[in-house]
Structures are given as C-alpha cells and as structure tokens.
Amino acid sequence: MTLAVTTYTAAVMGLLLLALSYRVSQSRLAAKVNIGDGGNAELFSRIRAQANLAEYVPTILLLMALVEYATGYSILLGVCALVTILARIAHAIGMGRPAPNPYRVAGTAGTWIVLLVLSVWALIVAVQL
C-alpha cells in the first residue's frame, strides 16, 4: 500500500519548511544576528512561523500516515491534507502581520481542527484493530 496523500502532504510541507527556513536565514543575514532574534521583531516572527510549522506538522503527518495505512485513501484524508497545507500557508503569512489578523487565526484554527480530526480518527482506527 502506498501512502500517496501523506507523501504528497509531506512533500509540500517540506517545501514550505524550506521556504520559511530561507526567510529566517535572509533575516538573520540582514540583521547580522547569528543566534536567536537579536531583539529584531521581524526575525522573531519568522523564526516562530518556521518553528510552529516544525512543531505541528510532524504529528499531523504521522497521524495521516497511520490512518492512511490502516484505512486507505478517503475523501476525508484528502480534505485533511488540503486544510493542513492551506492552514500552514495562512499561518506563515499571518505571523508577519500585526494581530489580530485573519490569516493567523485561520491557520491556527485549521491546524487544530485537522489535528483533532486525525487524532480522533486514529483512536477509532486503533480500537478497531
């Protein structure tokens, strides 16, 4: 069995992480900051956008892989993948804007909803094994 949805989502998230990492590196060079944020608000925001993706996405991908392996492809899994991609992009955009902003709210809410759906789904699958 292939994990096509999970693999596609992981690939897109990898590219997004690379883009966010590049933005952090650009800001570090411009601000001449080697470690940390040097008190630079823009750099701090970019670091947090990158780190937030790195904090949530591995768990989401693991849950997606386990559910996809156990149940195969489903529309719900595809929706979870799409929402994850859109939510993480929206969150990254929102991190660079003053609060409150709809991008960050939508990104956070989308990520949490997907995490909840996949967690409950994985529990249901585990009980049925």
- Note on the structure: Quick note, side-chain hydrogen bond (donor to acceptor under 3.5 Å, both in side chains) partners involving residues 104-119, not counting sequence neighbours, are Tyr56-Trp112, Arg88-Thr111
- Message: For a quick test of reading the model, state the closest non-hydrogen atom pair linking Ala49 to Ala92 and the distance between them.
- Response: CB-CA, 4.3 Å
- Show which residues join Val105 in its hydrophobic cluster (side-chain heavy-atom contacts under 4.5 Å, direct or indirect), or state none. none
- Item | Non-hydrogen side-chain atoms of His91 and Tyr103 separated by less than 4.5 Å | no
- By side chain to side chain donor-acceptor pair (under 3.5 Å) - contacts of Arg23 (at least two apart): none
- Minimum heavy-atom distance between Ala106 and Ala87, given as atom pair plus value: O-CB, 4.4 Å
- Task: Check the hydrophobic clustering (I, L, V, M, F, W, Y; side-chain heavy atoms under 4.5 Å; chains of links allowed) and say if Val57 and Val12 are grouped together.
- Result: yes
- Message: Test: side-chain hydrogen bond (donor to acceptor under 3.5 Å, both in side chains). Region: residues 1-21. Which pairs qualify, not counting sequence neighbours?
- Response: Thr6-Glu68, Ser21-Gln50
- Sub-4.5 Å side-chain heavy-atom contact between Met64 and Val114: no
- Val83 side chain reached by Ile113 side chain, heavy atoms, under 4.5 Å: no
Please tabulate, one pair per line, all N/O donor-acceptor pairs under 3.5 Å involving side-chain atoms of residues 71-82, not counting sequence neighbours.
| from | atom 1 | to | atom 2 | distance (Å) |
| --- | --- | --- | --- | --- |
| Thr71 | OG1 | Val67 | O | 2.7 |
| Ser74 | OG | Leu77 | N | 3.2 |

- Kindly work out whether a path of hydrophobic side-chain contacts (I/L/V/M/F/W/Y, heavy atoms less than 4.5 Å apart) joins Met13 to Leu20. yes
- Query: For residues 40-58, which residue pairs qualify under salt bridge (Lys or Arg N to Asp or Glu O under 4.0 Å), counting only residues two or more places apart or in two chains?
  - Reply: Glu42-Arg46, Arg48-Glu55
- Message: Side-chain heavy atoms under 4.5 Å apart, restricted to Ile/Leu/Val/Met/Phe/Trp/Tyr: what other residues fall into the cluster of Leu66, or is it alone?
- Response: Leu62
- Any chance you could pull the hydrophobic cluster mates of Val120, using side-chain heavy atoms under 4.5 angstrom and chaining through other members? Leu116, Ile124
- Message: Within the 4.5 Å heavy-atom criterion, are Leu63 and Thr59 side-chain neighbours or not?
- Response: yes
- Decide whether Leu3 and Trp121 are clustered together by the hydrophobic rule: side chain heavy atoms of Ile, Leu, Val, Met, Phe, Trp, Tyr closer than 4.5 Å, transitively. no
- Message: My understanding is that a hydrophobic cluster links ILVMFWY residues whose side chain heavy atoms are under 4.5 Å apart, including indirect links. Using that, what else belongs to the cluster containing Val33?
- Response: Val24, Leu43, Ile47
- Message: Counting only heavy atoms from other residues, nucleotides and ligands, does the tally under 6.0 Å from CD1 of Ile35 exceed 12?
- Response: no
- Task: Enter the distance from Thr84:OG1 to Leu16:CG here, rounded to the nearest 0.5 Å.
- Result: 11.5 Å
- Item | Hydrophobic cluster identity match, Leu53 and Phe44, side-chain contacts under 4.5 Å | no
- Message: Hydrophobic clustering (ILVMFWY, side-chain heavy atoms < 4.5 Å, transitive) - are Leu17 and Ile93 grouped together?
- Response: yes
